[in-house]
**Student:** 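Have a look at the structure that comes next, please.
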Amino acid sequence: MKQFKTESKRILDLMINSIYTNKEIFLRELISNASDAIDKLKFISLTNSEVGSDFYIKISTDKQNRTLTIEDNGIGMTEQDLEKNLGTIAESGTLAFKKENHDKTDGELIGQFGVGFYSAFMVADKIEVYTKSYKDNTAHKWTSSGVEGYTIEPCDKEGYGTKIVLSLKQDGEEADYSEFLQDYKLSALVKQYSDYIRYPIKMDVVRSRKKDGTPDDKPEYETYTEVETLNSMVPLWKKQKSEVTDENLKSFYKNEFHDFSDPIKGVYAKIEGAVTYDTLLFFPSRAPYDYYSKDYKKGVKLYCNGVMIMEKCEQLIPDHFGFVKGIVDSADLNLNISREILQQDRQVKAIAISLEKKISAELKKMMETDRENYEKLFKEFGLSLKFGVYAGFGANKDKLKDFLMFYSSKKEKLVTLAEYVKDMQEGQESIYYACGESYEKINALPQIEKAKDKGLEILYFKDGVDEFVAKILIDYEGKKFLSVSEADFSLDTDDEKKELEQKAEENKDLLCAIKEALGEKVKEVKLTSKLKTYPVCLTAGGEISIEMEKVFSSMPNADGKMKAEKILEISSTHKILDKLKAVYESDKEGLKRYATVLYEQARLLEGLPIEDVPTFVSAMSEIM
Ligand code: ADP
């Protein structure tokens with residue numbers, strides 16, 4: 001017996017002991033795998049005439065032995081395929097599992113993976129897979145009764161394809177597994193979840209009829225078995241628009257893309273123009289666990305006249321819309337297209353351009369008419385849009401800037417840049433933002449208080465990429481982005497300005513002495529009137545802001561060179577200034593300690609770590 005990988009065991013365990021109420025979805029998962037397997041073989045059959053063409057999926061039951069069988073004559077699996085596909089669960093999936101494990105309910109957790117095949121363990125205590133690959137003469141049988149492990153051995157099987165035999169669990173108090181042996185139940189489930197599958201899903205159905213030769217007034221009945229095709233087989237995207245309901249779209253999405261939760265939106269469109277194609281597009285309601293990792297593969301399923309030619313066609317979807325799932329079916333494509341040709345294919349390029357426009361239009365519509373859902377989407381995928389603005393030196397920034405949202409200090413919710421600009425104060429020239437890891441930290445920034453007092457709306461930049469986005473955008477409708485750290489809100493009147501200048505002049509020597517004490521750590525030490533209660537703050541002088549320094553230093557290959565030029569600003573109205581003056585007059589050595597403490601305090605306020613802990617601690621204790 002072979003062992004499942006340790007992490008896979010835990011996921012299996014979860015499936016086996018699942019209290020997930022939608023256990024029935026296992027059927028749709030297995031049917032969808034079978035359909036994929038046929039899709040793969042059908043594609044091969046285009047160039048290989050030895051491969052048959054009479055494709056089907058078959059469901060059968062054995063009530064005595066409590067087994068349910070799902071069979072397909074698709075591509076099948078070799079021994080290695082079995083090992084790879086059914087013996088392990090993707091490493092990255094297990095990582096997400098560990099993270100999410102604590103606070104998720106069963107159903108949600110199951111939804112995180114879309115662990116297709118394994119969902120069968122929700123209803124079966126033993127699974128046997130008989131399979132023969134179209135390129136292999138030997139068939140193999142994979143057997144597992146759960147976490148203990150699995151076995152693979154050669155077996156007999158006619159024809160290629162896969163047959164999955166589920167030994168259903170015994171009925172318990174909360175669950176009735178026997179219903180999966182009932183024709184009417186299975187037939188209803190297929191209609192509900194798998195109607196559009198393009199291959200016939202057949203089942204032997206027992207019917208009754210009047211026995212031949214028995215009189216009409218005294219009829220006798222007999223039962224007979226008939227093969228029935230349970231699904232309509234019309235692909236959803238080939239149906240009339242009026243026939244496709246929201247429910248159809250949702251169920252199609254979940255089936256096709258192995259997601260257990262409804263999409264935020266499904267779009268069905270027939271596009272005609274430079275290129276002609278049918279498309280189903282979906283905006284998922286949750287980012288897949290690996291969405292923001294290298295492992296994630298974007299793309300839509302590509303069909304040519306109903307024949308699938310590629311599972312995930314990357315070229316059709318730009319990175320910033322990488323979260324969009326869907327299907328494109330076009331008659332204009334070359335069937336024998338290879339991955340290499342696809343890159344340059346004119347039609348594919350034309351579809352990609354059209355698809356991006358369609359997605360943009362749908363997003364815009366959602367933003368305008370269904371804000372709640374748009375915000376939901378933005379919370380999951382906003383980062384993807386922001387990276388899109390930043391990527392390629394801002395090549396797509398104009399296309400994407402209107403989809404961005406940031407949290408507003410004033411409205412206490414997400415706002416768009418257009419909304420911010422529309423509500424700007426009279427005479428306000430800049431879009432103000434403040435950076436920090438969390439709302440709390442941003443609220444604690446020394447510079448925030450005064451800006452808020454002035455009634456200014458401030459956008460909270462919580463993601464590392466936000467400020468880079470602002471730097472790339474430079475402005476929105478002519479209004480420049482400006483960090484509250486760089487802005488000076490206090491210098492309203494000339495009198496105030498003069499007063500500050502005067503104070504700075506009076507304290508010139510003191511400020512010089514502090515700068516000297518701090519050396520290279522700061523570029524400048526100056527007075528400010530923008531602080532309300534805090535004595536000091538740190539701002540950036542050059543191109544790199546303090547927030548950007550944090551992002552750079554958190555990068556894997558950080559060399560510590562990308563640093564902000566720092567300016568230590570001391571409040572001109574805080575009583576600390578008098579204290580500093582006094583120390584400067586009486587104790588030049590003591591001033592160095594004060595400088596150290598002030599500088600490190602300012603770093604802390606900005607969310608930077610203390611730079612020199614021993615010196616800080618000894619300076620602090622000396623002062624105390
Ligand atoms: P997913 O379908 O999401 O990739 P599954 O756990 O459902 O994940 O299946 C794992 C893999 O096993 C599939 O990607 C496929 O390669 C293979 N597989 C599953 N069922 C079949 C089948 N009926 N015929 C051929 N291959 C299959």
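One-based numbering, in listed order, for ligands and for the atoms of each. These figures come from a predicted structure and were not determined experimentally. Here, residue 1 is the first one in the sequence, and each next residue gets the next number.
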**Student:** Students often mix this up, so state it plainly: with edges at 30° and 60°, are the rings of Tyr291 and Tyr296 parallel, tilted or perpendicular?
**Tutor:**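 If you compare the ring of Tyr291 with that of Tyr296, the planes turn out perpendicular.
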**Student:** Could you tell me how the ring of Phe321 sits relative to the ring of Phe323: parallel (under 30°), tilted (30 to 60°) or perpendicular (over 60°)?
**Tutor:**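 Phe321 and Phe323: perpendicular rings.
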**Student:** Relative to atom 22 (C) of ligand 1, which among Ile164, Leu86, Thr162 owns the nearest non-hydrogen atom?
**Tutor:**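 Checking each option, the heavy atom nearest atom 22 (C) of ligand 1 is found in Thr162.
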**Student:** Quick one: NZ on Lys357 to CD1 on Ile271, what's the gap to the nearest 0.5 Å?
**Tutor:**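 Those atoms lie 11.0 Å apart.
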**Student:** Answer yes or no: is there a side-chain heavy-atom contact under 4.5 Å between Lys132 and Glu158?
**Tutor:**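 No; the side chains remain at least 4.5 Å from each other.
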**Student:** Quick check: does Phe117 get an N/O under 3.5 Å from an N/O on ligand 1?
**Tutor:**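 It does: an N or O of Phe117 is found under 3.5 Å from an N or O of ligand 1.
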**Student:** According to side-chain hydrogen bond (donor to acceptor under 3.5 Å, both in side chains), does anything in residues 373-383 pair up with another residue at least two apart or in another chain? List the pairs.
**Tutor:**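 side-chain hydrogen bond (donor to acceptor under 3.5 Å, both in side chains) check on residues 373-383 returns Asp370-Asn373, Arg371-Glu375.
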**Student:** Quick check on Glu29 - does any of its heavy atoms sit under 4.0 Å from an atom of ligand 1?
**Tutor:**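 No, Glu29 has no heavy atoms under 4.0 Å from ligand 1.
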**Student:** Check whether any N or O atom of Tyr118, backbone or side chain, sits under 3.5 Å from an N or O atom of ligand 1, and answer yes or no.
**Tutor:**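 In fact, backbone or side chain, Tyr118 has no N or O that close.
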**Student:** Only heavy atoms count here, so choose which of Asp72, Val129, Asn85 is nearest to atom 15 (C) of ligand 1.
**Tutor:**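 Checking each option, the heavy atom nearest atom 15 (C) of ligand 1 is found in Asn85.
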